[in-house]
Every structure is written in C-alpha cells, then in structure tokens.
Protein chains: 2
Amino acid sequence: MFTIAEAARRAACPQSTIRYYERAGVLPPARRGDNGYRYFEADDIERLAFVNRARELGFSIASVRDLLRLADHPQQPCEAVDTLLDEQVRSVRQRIAKLQALETRLAHLQRACDGEHPVHECGILAALSDTDAA
Amino acid sequence: MFTIAEAARRAACPQSTIRYYERAGVLPPARRGDNGYRYFEADDIERLAFVNRARELGFSIASVRDLLRLADHPQQPCEAVDTLLDEQVRSVRQRIAKLQALETRLAHLQRACDGEHPVHECGILAALSDTDAA
DNA sequence: CGTGGACCTTAAAGTTGCTTTAAAGTCAAC
DNA sequence: GTTGACTTTAAAGCAACTTTAAGGTCCACG
C-alpha cells in the first residue's frame with residue numbers, strides 16, 4: 001500500500017499526472033483510505049508504468065485506453081494492437097518528414113544572412129516579407 | 001479596402017485565424033468601418049502573409065512578435081534575427097532526433113508481433129507491460 | 001494538548017494555437 | 001420586407017498536462 005507520493009516516485013512521474021490519468025479514465029479510480037487519501041498497490045503501479053511507457057512511445061491518451069482494454073482481454077486477436085502500432089509508426093514518420101522539410105528551409109534561410117548588417121538588409125526578414133519566397 | 005473574407009482569401013487562411021492573430025497581438029487592431037466591420041489594406045495583408053510564413057517555419061507566436069518588431073526597426077543589427085533562426089533550427093533538429101529515436105523503438109516493437117496470435121501472446125503488449133523493456 | 005510541517009484533497013485556471021459555436025447585428029438584392 | 005450572405009463578440013473546445021489556491025490530515029515533538 002503506497003501513498004500517491006510513493007507511487008509517483010516509483011513510476012517516476014508527477015502526482016498531478018497520476019490524478020490526471022485517473023480523471024482521464026486511463027487509470028481506474030484509486031482505492032481510498034478513510035481520510036480520502038488514494039492508496040496504490042503494486043498492480044496499480046504496474047498499470048501506471050504501462051501508461052507511462054505507452055505515452056513515451058507517443059500514443060495518445062485515447063490509444064492508451066485502447067491498448068489497456070486489449071491488454072485486459074487476453075483472448076482477443078492482437079491484430080488491433082498491431083494496427084495501433086502501425087498507425088503510430090506512420091504518424092511518427094510523417095512528423096519526421098515534415099520536420100525535415102522544415103529543417104531544410106530553415107537551413108537555407110540561415111545562409112541568407114551573416115549577422116553583420118542592420119535589419120533592413122537582412123536576407124532572413126526579406127524572405128519572410130517577400131511574397132515570392134519559399 | 002478588403003473585408004475580412006477577402007483578406008482571408010488572399011492570405012489563404014481562415015478568418016478566425018486573422019481575428020485570433022489580432023487578439024494575440026501579432027497583428028495590430030484592424031481599422032473598422034462604421035458598422036464595426038474590419039477593413040484591410042494591402043499593407044495589412046502583407047503583414048498577415050509575413051505572420052503566416054513565419055508560422056509555417058514553425059516560429060511560435062511570441063517569436064513572430066519578435067520578428068515583426070525587428071522588421072519594424074530597420075536600423076537595428078540583425079543579430080537578433082539570426083539568433084531566433086538559430087534557436088528555431090536547433091529546436092527542429094532536436095524534435096527530429098527525438099522522433100527518430102521513437103521511430104526506432106516503434107519499429108523494434110513492430111517486429112515483436114506478427115498479428116497471428118491472441119493478445120496474451122502479443123510481444124507488443126508484453127513489451128509495454130514489462131518493467132524491463134525499453 | 002497543541003502546533004508546525006509534510007502530506008493529502010479538490011476545483012479551477014493556465015499553457016499553445018487555434019477552431020468552433022452561439023447569439024446577434026448588417027447589408028444587398030429581390 | 002424578408003431572405004441569405006456577410007459581419008461581430010464572447011466563450012467553449014481540443015490535448016495533455018501543470019499550476020495554483022484553498023483547504024483537510026497526520027504525526028511527532030515539547
């Protein structure tokens with residue numbers, strides 16, 4: 001039986017996040033002591049750790065809910081898990097591609113100015129101001 | 001003199017965004033007709049386009065405000081512009097690196113399951129449940 | 001017994017950059 | 001004069017939390 005402070009320490013995440021996860025429905029309502037304090041068992045901490053790992057992998061709260069539901073029903077086919085993971089991979093790859101395109105444009109801009117002139121000669125601001133610039 | 005609908009069309013951005021930018025202080029309060037309608041001149045549309053381009057490059061609203069302030073004071077040295085751009089490049093590269101690390105981990109996970117078994121044999125959920133898994 | 005400090009609780013607001021909604025006023029044409 | 005397309009505002013919604021404020025609880029020390 002752990003207090004929320006202990007749970008937070010063990011899961012290495014803020015107490016406020018644990019409360020939030022409960023509110024958001026990815027953790028079940030915690031058991032309460034007579035004083036209203038939350039108490040956690042080893043099981044609860046494992047579930048919290050599961051959530052944390054899934055979040056680290058970039059899954060949304062909604063997807064984490066789905067993953068937990070699947071984990072709770074061991075007889076179901078795991079196709080749904082694979083699908084969630086595939087979607088997540090695609091989403092990450094898309095974000096990478098967008099950021100790389102951005103990086104290229106920003107790097108080009110960096111070459112437009114050497115930092116030695118006043119702003120009105122700055123190639124960077126010129127590019128931002130210019131309707132024709134990429 | 002353009003209505004907000006015209007301005008939105010010319011800048012290819014929603015009207016709600018124009019109003020938001022005004023509220024957020026990156027666009028000055030628009031001139032108003034007797035009826036309270038906003039009216040825009042070519043200048044205003046250019047400023048809006050500047051904002052749009054900077055946003056496309058990933059600059060925060062706060063940075064866009066800074067960039068505009070710099071653009072409005074042509075005699076200042078453009079070092080500040082370069083600094084903002086450098087920071088932006090660093091931030092984008094960092095995000096890319098994080099996403100690539102994520103991609104690697106997700107791709108590993110994908111190999112942990114071929115989608116043919118029930119959930120309780122799923123390597124993906126096992127990895128999420130396992131305290132020792134990456 | 002009391003008091004100080006460390007713990008816990010909740011609801012609500014703040015964050016970022018918008019979008020959406022609702023309720024309402026305006027304008028032009030038929 | 002009324003339809004329909006425009007405009008306005010304030011406020012709420014989104015994601016995933018974090019922060020704040022105001023308030024109970026617990027325990028140990030004197």
Side-chain angles (χ1 to χ4, degrees), chain A residues 1-27 29-40 44 48 50-68 84 87-88 91-92 95 98-99 102, chain B residues 1-27 29-40 44 48-68 84 87-88 91-92 94-95 98-99 102:
Chain A
M1 276 234 183
F2 312 117
T3 64
I4 196 168
E6 256 302 285
R9 203 187 53 71
R10 280 168 195 253
C13 86
Q15 305 179 14
S16 58
T17 299
I18 302 181
R19 295 195 189 96
Y20 168 71
Y21 284 162
E22 185 182 324
R23 256 191 343 269
V26 309
L27 295 181
R31 263 147 276 162
R32 301 292 184 123
D34 290 346
N35 48 16
Y37 287 18
R38 287 176 183 80
Y39 286 104
F40 301 86
D44 301 320
L48 174 53
F50 182 106
V51 174
N52 284 154
R53 280 188 286 267
R55 292 286 306 127
E56 276 169 31
L57 290 172
F59 287 103
S60 70
I61 294 284
S63 297
V64 174
R65 251 193 309 262
D66 291 346
L67 287 169
L68 281 166
L84 280 169
E87 276 168 15
Q88 181 62 12
S91 144
V92 168
R95 276 182 280 166
K98 281 199 178 168
L99 285 173
L102 200 53
Chain B
M1 276 234 181
F2 312 117
T3 64
I4 195 168
E6 257 301 285
R9 205 188 52 71
R10 282 170 193 253
C13 87
Q15 303 178 16
S16 56
T17 301
I18 302 181
R19 295 196 188 95
Y20 167 71
Y21 283 163
E22 185 181 323
R23 254 192 342 270
V26 309
L27 295 181
R31 264 147 274 162
R32 301 291 185 126
D34 290 347
N35 48 17
Y37 286 17
R38 287 175 183 79
Y39 286 104
F40 300 87
D44 301 320
L48 173 53
F50 182 107
V51 173
N52 285 153
R53 280 187 287 266
R55 292 288 303 131
E56 277 168 31
L57 290 173
F59 287 102
S60 70
I61 295 283
S63 296
V64 174
R65 249 194 309 262
D66 292 346
L67 286 169
L68 282 166
L84 280 168
E87 275 168 16
Q88 180 62 11
S91 144
V92 168
Q94 238 176 53
R95 275 181 281 167
K98 281 199 177 168
L99 285 172
L102 201 52

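What you see below is based on every heavy atom in this structure, not just the backbone, and it leaves out hydrogens, waters and symmetry mates. Below, chain A is the first sequence line, B the second, and so on; all start at residue 1.
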Practice prompt. Give A:Tyr21 one of three labels, base, sugar-phosphate or nothing, depending on what nucleic acid heavy atoms sit under 4.0 Å from its own.
Written response: sugar-phosphate

Worksheet item: Whole Å only: how far is the CZ atom of B:Arg9 from the P atom of D:dA5?
Response: 18 Å

Discussion item. Nearest to the A:Ile61 side chain among D:dC17, C:dG17, D:dG24, which nucleotide is it?
Written reply: D:dC17

Discussion item. If I take atom CG in residue A:Asp34 and atom C1' in nucleotide D:dG24, what distance separates them, rounded to the nearest angstrom?
Written reply: 14 Å

Worksheet entry | Gap between atoms CZ and P, on B:Arg31 and D:dT7 respectively (whole Å) | 17 Å

Item to complete: Would you mind classifying the nucleic acid contact of A:Arg19 as base, sugar-phosphate or nothing, using non-hydrogen atoms under 4.0 angstrom?
Response: base

Discussion item. Could you check whether any side-chain N or O of A:Arg55 sits under 3.5 Å from a backbone N or O of A:Phe50, counting only pairs where one atom can act as donor and the other as acceptor?
Written reply: no

Worksheet entry | B:Glu22 CD - C:dG17 P separation (whole Å) | 18 Å

Worksheet item: Just checking A:Ala24: base, sugar-phosphate only, or nothing, at a heavy-atom cut-off of under 4.0 Å?
Response: nothing

Worksheet item: Can you find a side chain N or O atom of B:Arg23 that sits less than 4.0 Å from OP1 or OP2 on C:dC18?
Response: no

Item to complete: Using atom CG of A:Leu57 as one end and atom C1' of D:dA16 as the other, report the distance to the nearest whole Å.
Response: 16 Å

Item to complete: Calculate the interatomic distance between B:Gln15 atom CD and D:dA5 atom C1'; express it in whole Å.
Response: 11 Å

Item to complete: In whole angstrom, give the distance that lies between atom CZ of A:Arg55 and atom C1' of D:dT18.
Response: 14 Å

Worksheet item: When you check the gap from the basic side-chain N to the acidic O, do A:Arg9 and A:Glu6 get nearer than 4.0 Å?
Response: yes

Practice prompt. Ignoring the backbone of A:Thr3, work out which of D:dT18, C:dC8, D:dT7 is nearest its side chain.
Written response: C:dC8

Discussion item. Heavy atoms from C-beta onward define the side chain here; which of D:dA16, D:dT9, C:dC27 lies closest to that of B:Asn35?
Written reply: C:dC27

Item to complete: May I ask you to verify if any side-chain N or O of A:Arg38 is less than 4.0 angstrom from the OP1 or OP2 atom of C:dT9?
Response: yes

Fill in: Any A:Ser60 side-chain N or O less than 4.0 Å from OP1/OP2 of D:dA15
no

Item to complete: For A:Ser16, answer base if it contacts any base atom (sugar-phosphate contacts may also be present), sugar-phosphate if it contacts only those atoms, and nothing otherwise; contact means non-hydrogen atoms under 4.0 Å.
Response: base

Fill in: Atom-pair distance (OH on A:Tyr37; P on D:dG24), nearest Å
12 Å

Worksheet entry | Sole residue of A:Ile18, A:Thr3, A:Leu48 in side-chain contact (heavy atoms from CB on, under 4.5 Å) with A:Phe40 | A:Ile18

Discussion item. With a 4.5 Å cut-off on side-chain heavy atoms, are A:Phe2 and A:Arg10 touching?
Written reply: yes

Worksheet item: Do NZ/NE/NH1/NH2 and the carboxylate oxygens of B:Glu56 and A:Lys98 come within less than 4.0 Å?
Response: no

Worksheet item: Is the distance from OP1 or OP2 of C:dG17 to the nearest side-chain N or O of B:Thr17 less than 4.0 Å?
Response: no

